[in-house]
Trainee: 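One structure, as structure tokens, below. Some questions next.
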Number of protein chains: 2
Amino acid sequence: MRLVIARCSVDYTGRLNAHLPLATRLLVHKNDGSLLVHSDGGSYKPLNWMSPPCSLTREDPDEVDLEDGVIERWRVTHAKTGDALLVRIHEIVHDTAHDLGVDPGLIKDGVEADLQRLLAEQVSVVGENLTLVRREYPTAIGPVDLLLRNDDGPGTVAIEVKRRGDIDGVEQLTRYLELLNRDPLLAPVTGVFAAQEIKPQARVLATDRGIRCLTLDYDEMKGVQSGAPRLF
Amino acid sequence: MRLVIARCSVDYTGRLNAHLPLATRLLVHKNDGSLLVHSDGGSYKPLNWMSPPCSLTREDPDEVDLEDGVIERWRVTHAKTGDALLVRIHEIVHDTAHDLGVDPGLIKDGVEADLQRLLAEQVSVVGENLTLVRREYPTAIGPVDLLLRNDDGPGTVAIEVKRRGDIDGVEQLTRYLELLNRDPLLAPVTGVFAAQEIKPQARVLATDRGIRCLTLDYDEMKGVQSGAPRLF
DNA sequence: CTCTAGATCTCGAGG
DNA sequence: CCTCGAGGTCTAGAG
């Protein structure tokens with residue numbers, strides 16, 4: 001990894017065109033060829049960047065650049081799409097290289113998959129006399145998160161699990177319900193929209209379509225889960 | 001901006017929990033308090049991070065940490081959500097600080113808004129004998145990108161413009177059409193789904209609902225546009 | 001390989 | 001302040 005602090009301007013050409021006027025910025029050139037251009041603010045998204053696979057070549061400035069005070073140019077080209085980043089460097093303030101080695105990577109806990117797993121283990125949260133048929137129940141238009149069977153009679157419950165329940169999730173569940181209800185072995189299929197947080201618009205739409213909303217408490221559900229091994 | 005290369009482990013607690021085992025990484029501490037943890041690969045997304053507004057405090061390691069070889073700890077806490085990042089530093093390989101100043105920011109060209117503007121100026125691309133009523137035609141559930149009037153008779157055309165036409169866009173347009181067709185001054189309203197690239201599933205769904213798909217060529221449309229001033 | 005759906009999404013506009 | 005939609009989305013996982 002090479003770290004350069006430089007006064008530079010940047011032009012991107014690819015899926016769109018973008019231009020960064022001359023200013024002092026951090027350039028991170030990673031070992032895989034990728035380049036990040038960061039300012040001293042904003043969030044983790046760089047002002048401009050090139051993702052791997054790509055390669056960086058150093059160019060001499062042309063006459064116009066020389067008159068503007070450009071001392072060198074970096075051209076970073078994407079191997080497949082042809083997207084290109086051109087960095088015109090006017091001054092290098094700092095320049096160091098470091099060997100970091102391979103990173104062991106991130107371990108996560110609490111994403112949608114965890115919610116879905118917990119709810120599959122605790123179907124009583126959804127209602128009484130229900131049994132899990134399976135997680136990721138396959139259909140022609142994609143897998144339904146959870147499918148439950150009614151123990152007392154005919155009928156099935158399809159559940160869409162989200163961390164944040166938005167209008168898109170309701171649309172998704174609606175498409176599944178429409179399809180599943182054509183199957184005489186499953187019908188009638190009712191819908192449950194389960195999420196840690198459900199947006200008001202999503203709740204209105206769901207209710208209007210006869211879909212029940214269920215707010216989930218991840219920490220509580222994690223607490224109920226008995227002796228299973230924890231990640232940390 | 002402070003740049004540190006350090007052997008460290010990182011724990012995030014907030015909307016989820018995440019853990020990074022001990023390894024050598026780049027720590028970028030920005031002027032607004034935010035922190036990025038980067039490895040020497042992957043894309044522009046850091047392995048772990050904290051977004052502003054947040055603040056970093058240096059802590060002494062506890063006894064357990066000392067036995068593990070921790071020389072200092074950084075605790076980065078989000079001002080509002082309470083999300084926290086704890087960096088346990090075992091060794092500092094590099095440590096420099098730089099004054100970057102304020103960045104003038106990025107200038108873009110070719111995003112959805114540009115597509116929409118161009119199509120509004122070239123409604124003949126959609127079909128003959130059509131006139132633009134307005135862009136961003138307001139409805140109760142949000143603005144329709146473009147609304148056109150049929151010159152030869154009754155009826156209206158509602159257009160949803162996307163850079164990449166996905167299934168979500170078809171759903172969005174469907175909701176608009178349903179609503180607009182209740183208005184006797186506009187009905188019958190037909191739909192056109194216009195995008196630079198239309199995904200197969202989206203095309204199938206649109207066609208099934210009687211919505212016409214229209215693939216747009218941005219460069220060509222930009223070329224047609226006569227003497228208007230260009231960004232670069 | 002493609003395609004789908006989640007994300008500590010981020011970011012900006014509009015009410 | 002929140003909500004909504006776009007993004008050079010990125011990313012992981014399944015088919």
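Within every chain, numbering begins at 1; the chains are lettered A, B, ... in the order of the sequence lines, protein sequences first and strands thereafter.
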Trainee: Of the nucleotides C:dA5, D:dG8, D:dC10, which has the atom closest to the B:Tyr44 side chain?
Mentor: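 The nucleotide sitting nearest to the side chain is D:dC10.
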Trainee: Which nucleotide, C:dC11, D:dG7, D:dG8, lies nearest any side-chain atom of A:Arg15?
Mentor: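 Minimum distance to the A:Arg15 side chain belongs to D:dG8.
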Trainee: How do A:Asn48 and B:Arg175 order along DNA chain D: which one's closest nucleotide is nearer the 5' end?
Mentor: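 The answer here is B:Arg175.
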Trainee: Given D:dG7, D:dG8, C:dA7, which nucleotide is nearest the side-chain atoms of B:Glu112?
Mentor: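 The closest nucleotide is D:dG7.
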Trainee: Nearest whole angstrom, please: distance from the P of C:dC3 to the CZ of B:Arg203.
Mentor: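 After rounding, the reported distance stands at 12 Å.
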Trainee: With respect to the phosphate group of D:dG8, does any side-chain polar atom (N or O) of A:Thr81 fall under 4.0 Å of OP1 or OP2?
Mentor: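 Looking at the OP1 and OP2 atoms of D:dG8, neither is under 4.0 Å from any side-chain N or O of A:Thr81.
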Trainee: Using the closest heavy atom to pick a nucleotide of DNA chain C for each, name whichever of B:Tyr12 or A:Pro46 lands nearer the 5' end.
Mentor: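 Closest to the 5' end, via its nearest nucleotide, is B:Tyr12.
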Trainee: Would you indicate, yes or no, if C:dC11 has its OP1 or OP2 atom less than 4.0 angstrom from a side-chain nitrogen or oxygen of A:Ser43?
Mentor: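 Result: yes.
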Trainee: Hey, which of these two, A:Pro143 or B:Met50, hits DNA chain C nearer its 5' end, going by closest nucleotide?
Mentor: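 Taking each residue's closest nucleotide, the earlier one in sequence belongs to A:Pro143.
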Trainee: Is a side-chain N or O of A:Thr156 found less than 3.5 angstrom from the main chain of A:Leu186, in a donor-acceptor match?
Mentor: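 Answer holds: yes.
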Trainee: I want to verify a distance call: between D:dC10, D:dG7, C:dC1, whose nearest atom is closest to the B:Lys45 side chain?
Mentor: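 Nucleotide nearest to B:Lys45's side chain: D:dC10.
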Trainee: State whether B:Lys199 places a side-chain N or O below 4.0 Å from either non-bridging phosphate oxygen (OP1 or OP2) of C:dA5.
Mentor: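 False: B:Lys199 side-chain N/O out of range (4.0 Å or more) of C:dA5 OP1/OP2.
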Trainee: In whole Å, what is the span from the CG atom of B:Asp109 to the P atom of D:dA6?
Mentor: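 So the CG-P distance, B:Asp109 to D:dA6, works out to 18 Å.
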Trainee: Does B:Tyr44 reach the main-chain N or O of A:Asn48 with its side chain, forming a donor-acceptor pair under 3.5 Å?
Mentor: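 No.
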Trainee: Under a 4.5 Å cut-off applied to non-hydrogen side-chain atoms, are A:Cys8 and A:Arg25 in contact?
Mentor: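 Counting from C-beta outward, A:Cys8 and A:Arg25 do come under 4.5 Å.
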Trainee: Nearest whole Å is fine: how far is D:dA14 C1' from A:Gln116 CD?
Mentor: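 These atoms are roughly 13 Å apart.
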Trainee: Roughly how many Å apart are D:dC10 and D:dA6, using the C1' atom of each and rounding to a whole number?
Mentor: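 Pairwise C1' distance, D:dA6 against D:dC10, rounds to 14 Å.
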Trainee: B:Glu197 CD to C:dT4 C1': how many Å, rounded?
Mentor: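 Going from B:Glu197 (CD) to C:dT4 (C1'), I get 14 Å.
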Trainee: Do A:Asp109 and A:Tyr218 pair up side chain to side chain, a donor and an acceptor below 3.5 Å, judged on atom types alone?
Mentor: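 Side-chain D/A pair, A:Asp109 to A:Tyr218: present.
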Trainee: Any idea which of D:dA6, D:dC10, C:dA7 is nearest the B:Gln172 side chain?
Mentor: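 Of the options given, the side chain of B:Gln172 lies nearest D:dA6.
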Trainee: Counting only Watson-Crick or G-U wobble pairs whose two distances fall under 3.5 Å, which nucleotide matches C:dA7?
Mentor: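 D:dT9 - that is the nucleotide pairing with C:dA7, both distances being under 3.5 Å.
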Trainee: OH of B:Tyr176 versus P of D:dC4: gap in Å, rounded?
Mentor: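 To the nearest whole Å, that distance equals 11 Å.
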Trainee: Start at the 5' end of DNA chain D and walk down; is the nucleotide closest to B:Asp145 or to B:Lys80 reached first?
Mentor: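 In this pair, the answer is B:Lys80.
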Trainee: Is there a donor-acceptor contact under 3.5 Å from the side chain of B:Asp166 to the main chain of B:Gly169?
Mentor: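 The answer is no, because no donor-acceptor pair under 3.5 Å joins these two groups.
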Trainee: Is a salt bridge present between B:Asp114 and B:Arg117, judged by a nitrogen-to-oxygen distance below 4.0 Å?
Mentor: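 A salt bridge is present here (some side-chain N lies under 4.0 Å from a carboxylate O).
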Trainee: Please report, rounded to the nearest Å, how far the P atom of D:dA6 is from the CG atom of B:Asp166.
Mentor: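 In whole Å, D:dA6 P lies 11 Å from B:Asp166 CG.
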Trainee: Round to the nearest Å and state the distance from B:Asp168 atom CG to D:dG7 atom C1'.
Mentor: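 For the pair B:Asp168 CG and D:dG7 C1', the rounded distance is 13 Å.
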Trainee: Taking CD from B:Glu136 and P from D:dC4, how many angstroms apart are they, rounded to a whole number?
Mentor: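 Those two atoms, CD and P, are 16 Å apart.
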